[in-house]
Amino acid sequence: MMRDDVKKVLFTEQEITERCRQLGKQITEDYKDRGNDLLIVGILKGSLPFFAELIKYIDLYVDIDFMIVSSYEGTESSGSIKISHDLGTEAEGRDLLVVEDIVDTGLTLSNLTEYLLSEKKARSVEIVTLLNKPSRRLEEVNIKYCGFEIENEFVIGYGLDFNQKYRNLPYIGVLKEELYQH
Ligand code: IMP
């Protein structure tokens, strides 16, 4: 079964839920005086479970929307992004909160932030990520809210995939090494 492929659990479902509660409370506090005009943008597919859990704890009249974004590999710091699904909600002049599963090289979010500010004319763009892997950073990303910082190891579960699988694990874990060879 799928769960037998996990070498170790890094963060349990309870730990993630508790962190979402804390982050949601902080976000509520930070945005409560800004006119309830917050647009929360989930980056599919990886942010889906985190997004669903986090927004339960944001006690504001927010809008939600989703984007499908990927970064081109191999272009290093000049990397641009491919947007295969864009916002359907007006973002001009609004405060945006981008929800991501993990910040790794930072290419995706640095380019996306730039796009949302210059093309979509958002008033502000802040980032909330479930995980941060700072050791792999190629481009600076200003992360306002972070669930957990992790070492440079490949993680799966709670939205994060390996070859599109394991997104439905209810916790974050590390795969058994032998499974990477395939
Ligand atoms: P980057 O910050 O532009 O390098 O890209 C972040 C994206 O890479 C994330 O949204 C994930 O889809 C993927 N990613 C990076 N590290 C991991 C990992 O450890 N497990 C699963 N996906 C990862």
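Order of appearance sets the numbers: ligands from 1, and atoms from 1 within every ligand.
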Taking the side chain as C-beta and beyond, is there a heavy-atom pair between Y31 and D95 under 4.5 Å? yes

Side-chain heavy atoms of V62 within contact of I55, under 4.5 Å: no

L10 and V155: which non-hydrogen atoms are nearest, and at how many Å? CD1-CG1, 3.5 Å

Using every non-hydrogen atom in the two residues, find where E100 and I43 come nearest and quote the distance to one decimal. OE1-CB, 3.8 Å

Atom OH of Y158 and atom CZ of F11: how far apart are they, to the nearest 0.5 Å? 13.0 Å

Quick one: do E153 and K8 satisfy salt bridge (Lys or Arg N to Asp or Glu O under 4.0 Å)? Show the steps, please. CA-CA 12 Å; E153 63 186 342; K8 65 173 176 188; 3.8 Å; yes

Atom-level proximity to ligand 1, residues with heavy atom under 4.0 Å: S71, E100, D101, I102, V103, D104, T105, G106, L107, T108, K133, E153, F154, V155, L160, D161

